[in-house]
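In what follows, a single structure is set out as structure tokens and then discussed.
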Amino acid sequence: DWQGVIPHMEKPHSFNPNRGFLSSANQHPVDGTYPYYMSEFYWHSYRGERINMTLAPLKSITLEAVRDIQLDNISLRARNLLPVFLSKIELDSLNESEKKWAELLRNWNLSYDAFSIEATFYDHWEKSFEKLVWMDEFGSDNHQYIWPHFNTLDELVRLNPDSKWFDNVHTSKVEILADLCIQSFRETATETGEINEDNIEKFQWQYNRQTDLNHLAKIPGMGRLNLPTAGAPDIVNATGKTFGPSWRFAIEMGKLKKAYGIYPGGQSGYPGSRYYDNMVDDWVEGNYYQLDFPKSPDQIQGKVINWEPLQ
């Protein structure tokens, strides 16, 4: 029950922190010592942690550095889980195609960039593993029960590898973490297929997940589909199948403000206009437009339209 209001000075806040910056990626804003209930759900901390990792060593920051952070594609989910997954795989037990994928993953830079083939395999492997862990107890994701959030699975793998959740309740054998790592790896390798010099392009991440920018009213033909994007939901460059950063923006404060930004659309709402979606391709490529900050109306270029009410 509602029992009162959090005193204003006890609301989460930070003023001139010693680390020299403030950041947020919709993660939980307080730690376990905070005495008040905040909310049932915040986004996982992977994006926030990655942003803090990139900001912490900087003594100063440029517009270019801000743009690089916004377009960062490093996966901390993969950083946490991939070493554990690979440690359970015995190379001698793999066929040649599986060995090739395992070797690629051992040397992967953990980046979901558009051209990464490792990101494609790892993403499928992670989803296959997650399915093996939860589906025997909870059924299909969100069908009857909502699966635990991914950070719970992350913690189980790293901190509780002997958890009962790794056992499949529908078999007589008692499965352990290694069994699920191996099974999901082999399922992924079979589903993904063999890689060679002639077909390597089709495994690139940009062609496997892709992003659909649907019309707000879901009108067919009014959106842009199958965009070859980089990034993923728990990555700073937070793209998904049907969403992505709606406004990338970086500004340098001062007497003369300098700013860059872009959004996935265009400046016209008329579908027949060439400006309806003229920014989408640049958004996909990670390009920004310089934004004007005029000090007076005289500095605004373009046509002036005067409106006068009818008498």
Side-chain angles (χ1 to χ4, degrees), residues 27-28 31-32 40-47 49 74-108 110 112 116-195 203 205 208-209 232-235 240-241:
Q27 77 273 23
H28 205 291
D31 61 20
E40 179 181 358
F41 177 75
Y42 288 90
W43 277 102
H44 311 144
S45 63
Y46 302 108
R47 293 171 59 230
E49 182 182 353
I74 297 296
S75 170
L76 296 197
R77 283 167 51 152
R79 178 204 64 180
N80 290 354
L81 295 190
L82 184 59
V84 180
F85 284 2
L86 289 174
S87 72
K88 307 301 181 183
I89 304 297
E90 297 181 2
L91 287 178
D92 292 341
S93 67
L94 304 180
N95 61 39
E96 291 305 311
S97 177
E98 292 168 344
K99 286 180 181 178
K100 188 176 294 185
W101 280 116
E103 188 62 26
L104 285 168
L105 290 170
R106 289 184 193 280
N107 296 291
W108 182 33
L110 307 180
Y112 272 64
S116 174
I117 59 176
E118 297 89 347
T120 298
F121 189 96
Y122 173 77
D123 200 76
H124 284 290
W125 187 6
E126 184 187 272
K127 288 180 171 61
S128 178
F129 176 82
E130 184 177 24
K131 181 179 178 180
L132 289 177
V133 174
W134 303 127
M135 192 167 179
D136 56 316
E137 282 93 358
F138 300 118
S140 299
D141 189 16
N142 296 336
H143 179 67
Q144 184 174 4
Y145 300 102
I146 297 176
W147 290 0
H149 296 306
F150 190 85
N151 59 312
T152 300
L153 182 64
D154 183 342
E155 292 173 0
L156 277 181
V157 171
R158 292 183 296 112
L159 306 178
N160 192 9
D162 298 322
S163 171
K164 67 177 184 179
W165 291 106
F166 297 126
D167 176 43
N168 186 339
V169 298
H170 300 305
T171 67
S172 57
K173 177 184 176 181
V174 178
E175 286 84 6
I176 60 175
L177 172 61
D179 294 322
L180 272 61
C181 290
I182 295 169
Q183 181 181 343
S184 55
F185 175 82
R186 286 196 158 133
E187 288 178 354
T188 303
T190 299
E191 178 184 345
T192 306
E194 186 174 354
I195 186 172
F203 294 106
W205 179 240
N208 282 269
R209 193 276 316 277
D234 277 324
I235 285 174
K241 179 58 182 172

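When reading the values below, keep in mind they use all heavy atoms of this one structure, side chains included, and skip hydrogens, waters and symmetry mates. The structure displayed is predicted, hence computed values, not measured ones. Index from 1, following the sequence.
- Remark: K131 engages no residue in a side chain to side chain donor-acceptor pair (under 3.5 Å) (not counting sequence neighbours).
- No side-chain heavy atom of W165 sits under 4.5 Å from any side-chain heavy atom of L153.
- Atom-to-atom distance recorded for L86:CG and Y122:OH is 9.5 Å, nearest 0.5 angstrom.
- S116 and T120 get closest at one heavy-atom pair: O-OG1, 3.7 Å.
- How far CD1 of I117 is from CD1 of I195: 3.5 Å, rounded to the nearest 0.5 Å.
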Assess the residue pair L105 and F121 against the criterion (side chain to side chain contact (heavy atoms under 4.5 Å, CB included)); give the C-alpha distance rounded to whole Å, side-chain angles, the decisive distance to 0.1 Å, and a yes or no. CA-CA 8 Å; L105 290 170; F121 189 96; 3.5 Å; yes
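- Judged as a side chain to side chain donor-acceptor pair (under 3.5 Å), and not counting sequence neighbours, D162 has no contacts.
- With sequence neighbours left out, V169 forms a side chain to side chain contact (heavy atoms under 4.5 Å, CB included) with D136, E137.
- Here E187 contributes atom CD and I182 contributes atom CD1; the two are 12.0 Å apart, rounded to the nearest 0.5 Å.
- Between the side chain of S128 and the main chain of H124, no donor-acceptor pair closer than 3.5 Å is present.
- One finds the CD atom of E175 at 9.5 Å from the CG atom of L132 (value rounded to the nearest 0.5 Å).
- Minimum interatomic distance between I235 and I74 (heavy atoms only, all atoms of both residues): CG1-O, 3.6 Å.
- Across all non-hydrogen atoms, the minimal contact from G193 to F203 is O-CZ, 4.2 Å.
- Closest heavy-atom contact between A78 and W108: CB-CZ3, 3.7 Å.
- For residues 75-88, the set of pairs meeting the side chain to side chain donor-acceptor pair (under 3.5 Å) definition, not counting sequence neighbours, comprises E49-R79, R77-E126, R77-D234, N80-D154.
- Between Y112 and W205, the distance separating the two ring centers is shorter than 6.0 angstrom.
- The backbone N or O of N160 sits nowhere less than 3.5 Å from a side-chain atom of S163 that would complete a donor-acceptor pair.
- Counting only residues at least two apart or on different chains, the side chain to side chain donor-acceptor pair (under 3.5 Å) pairs with a member in residues 95-106 are E103-N107.
- With values rounded to the nearest 0.5 angstrom, T152 atom OG1 is found 10.0 Å from F150 atom CZ.
- Within a 6.0 Å sphere centred on CG of D92, other residues, nucleotides and ligands contribute 12 heavy atoms or fewer.
- With sequence neighbours excluded, the residues that form a ring pair (Phe, Tyr, Trp, His ring centres under 6.0 Å) with F85 are W125, F129.
- Nearest heavy atom pair, residue D167 against residue V174, reads OD1-CA, 3.3 Å.
- Minimum interatomic distance between P233 and R47 (heavy atoms only, all atoms of both residues): O-CD, 3.4 Å.
- Using the six-membered ring where Trp is involved, F41 and H44 have ring planes that are perpendicular, over 60° apart on the 30 and 60° scheme.
- At least one donor-acceptor pair under 3.5 Å links the side chain of D179 to the backbone N or O of I176.
- Judged by distance alone, with hydrogens and angles left aside, the side-chain atoms of S184 form a donor-acceptor pair with the main-chain N or O of C181 at under 3.5 Å.
- With values rounded to the nearest 0.5 angstrom, R209 atom CZ is found 8.0 Å from D123 atom CG.
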